Amino acid sequence: MDIIGTILWPIKWVIELLLVIFHGLFTAIGMDPSAGATWVLAIVGLVIVVRAALIPVFVKQIKSQRKMLEIAPQLKKIQDKYKGKRDQFSREAMSRETMELYKRTGSNPLSSCLPLLLQMPIFFGLFSVLNGAQSSKAGVGPLNAQLAEQFGGASLFGVAPLHSSFSSAASADPQQVIVMVIAVVMVILMTGSQFITQLQIVSKNMSEETKASPTFRQQRILLYLLPLVFAFSGFTFPLGVMFYWLVSNFWTMGQQFIVIRNMPTPGSQAAKAREERLARKGKIELTDGTTGVIEAEPKPVQRQQPMGKNRSKKKPGKKNS
């Protein structure tokens, strides 16, 4: 076993375990164990478990991004300090001061890529499991020979095997048009969901200061670059892996929407919209990020003057004789 296989072995074992558990659950409620829909739902269950487990990492990513925004002015001062200086000593000094700033503030510029990086081994693990199942080969764990044969032979609509990809369908059997059509539709959905997710960040969750910084230009590049990467790579992945990727993208899009709505970046368009919503509901955002109710000031009560007996007996409009 090579080094990559050694790294993927425990990941594949967990993937097989989750797939078998969800496959067993859906089979228990009456679904066909050999149907592609049963295995697709098992993959959806796998996505839910994996993404739920990554929620703490996502929260840490949000906090780190906030810290990066907070230290942006200090980072710019360091860059301005060494602007135009290209000698080795200045570059090393700039790098050292930048790393010290990251360490002192507990921020990490690579944190935004962490959830994606943690999911990449799962993509490759699932790809490996599907390739093994294609030849009805038992997995490294709970996916025995019988289940591997069912998984390898599972097809959507009875004609689109989950282990097939656009490229394999085009080269091996040009008549497998349905596989290519499904793959193209899924690539479009994957690319669109990725683009919308990035667009939410760039258009709504960045302050005006950030939009004037190099970070914004990098985000604008990623806005168009990442969907293209997914589009081209998606044609090489089996349909089963693409289902995992697509559901994961939809999860990310929904998760990002909730975070931007409830935990927007200070000074961003989303933060202003949230303040307006809270104001309409009679609430304010406290310094710790929570919300409180605006207590209305009590109206002053006019004090009633005491009236004497003679005055109290007088009726209004009646003159004394």
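This is a predicted model, so every value here is computed, not measured.
- Among residues two or more places apart in sequence or in another chain, the ring pair (Phe, Tyr, Trp, His ring centres under 6.0 Å) test is passed with Tyr82 by none.
- Expressed to the nearest 0.5 Å, how far OG of Ser164 lies from CD1 of Ile178 amounts to 12.0 Å.
- Here the straight-line distance linking atom OG of Ser193 with atom CH2 of Trp245 works out to 10.5 Å at 0.5 Å rounding.
- Here the CH2-OG distance, from Trp39 to Ser34, works out to 9.0 Å after rounding to the nearest 0.5 Å.
- Qualifying side-chain hydrogen bond (donor to acceptor under 3.5 Å, both in side chains) partners for Thr98, counting only residues two or more places apart in sequence or in other chains: none.
- Sorted by first and then second residue, the side-chain hydrogen bond (donor to acceptor under 3.5 Å, both in side chains) pairs with a member in residues 14-30 form an empty list; sequence neighbours excluded.
- In this structure, the side-chain hydrogen bond (donor to acceptor under 3.5 Å, both in side chains) partners of Ser248, at least two apart in sequence or on a different chain, are Arg51, Gln119.
- The cluster map of Ile, Leu, Val, Met, Phe, Trp and Tyr, joined by side-chain heavy atoms under 4.5 Å apart, puts Ile196 and Ile258 in different clusters.
- Pairs of residues two or more places apart, or lying in two chains, that qualify as salt bridge (charged side-chain N to carboxylate O under 4.0 Å, His left out) and include a residue from residues 94-108 are Lys81-Glu97.
- Evaluation of the side-chain hydrogen bond (donor to acceptor under 3.5 Å, both in side chains) test over residues 141-157, restricted to residues two or more places apart or in two chains, returns none.
- With sequence neighbours left out, the side-chain hydrogen bond (donor to acceptor under 3.5 Å, both in side chains) criterion links Gln255 to Trp251.
- Remark: side-chain polar atoms of Ser128 are not paired, donor with acceptor, to backbone N or O of Phe124 under 3.5 angstrom.
- With contacts defined as side-chain heavy-atom distances shorter than 4.5 Å, the pair Leu19/Leu143 does not qualify.
- Atom CD1 of Ile15 sits about 10.5 Å away from atom CD1 of Ile43, to the nearest 0.5 Å.
- Judged by distance alone, the side chain of Asn249 and the main-chain N or O of Met190 form a donor-acceptor pair under 3.5 Å.
- Checked against side-chain contact (heavy atoms from CB on, under 4.5 Å), Ala270 has the following partners two or more places apart in sequence or in another chain: Lys204, Asn205, Ile260, Pro264, Ser268.
- Between the side chain of Ser90 and the backbone N or O of Lys85, no donor-acceptor pair lies under 3.5 Å.
- The closest side-chain heavy-atom distance from Ile11 to Leu8 is below 4.5 Å.
- Take Val50 and apply the side-chain contact (heavy atoms from CB on, under 4.5 Å) test, not counting sequence neighbours, and it matches Leu46, Leu54, Ile122, Tyr244.
- A perpendicular orientation is assigned to the rings of Phe235 and Phe166, their planes being inclined by more than 60° (bins at 30° and 60°).
- Follow the hydrophobic side-chain contacts under 4.5 Å out from Phe257 and you never reach Ile55; the two are in separate clusters.
- In this view, Ile29 and Phe26, Met31 satisfy the side-chain contact (heavy atoms from CB on, under 4.5 Å) rule, not counting sequence neighbours.
- A distance of 11.0 Å separates OG1 in Thr191 from CZ in Phe195, rounded to the nearest 0.5 Å.
- Under the 4.5 Å side-chain criterion, counting only non-hydrogen atoms from C-beta, Phe243 is not in contact with Val44.
- Between Val187 and Met242, some side-chain heavy-atom pair lies under the 4.5 Å cut-off.
- Scored by the side-chain hydrogen bond (donor to acceptor under 3.5 Å, both in side chains) test, Glu92 finds Gln88 as partners (sequence neighbours excluded).
- Evaluation of the side-chain contact (heavy atoms from CB on, under 4.5 Å) rule for Val49 yields Leu18, Phe22 as partners, not counting sequence neighbours.
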When you look at Gln194 and Met253, which way does the side chain to side chain contact (heavy atoms under 4.5 Å, CB included) test go after all the steps? CA-CA 7 Å; Gln194 180 66 35; Met253 186 170 61; over 6 Å; no
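- With a 4.5 Å cut-off on side-chain heavy atoms, Pro161 and Val179 count as touching.
- One finds the CG atom of Asp80 at 9.0 Å from the CE atom of Met94 (value rounded to the nearest 0.5 Å).
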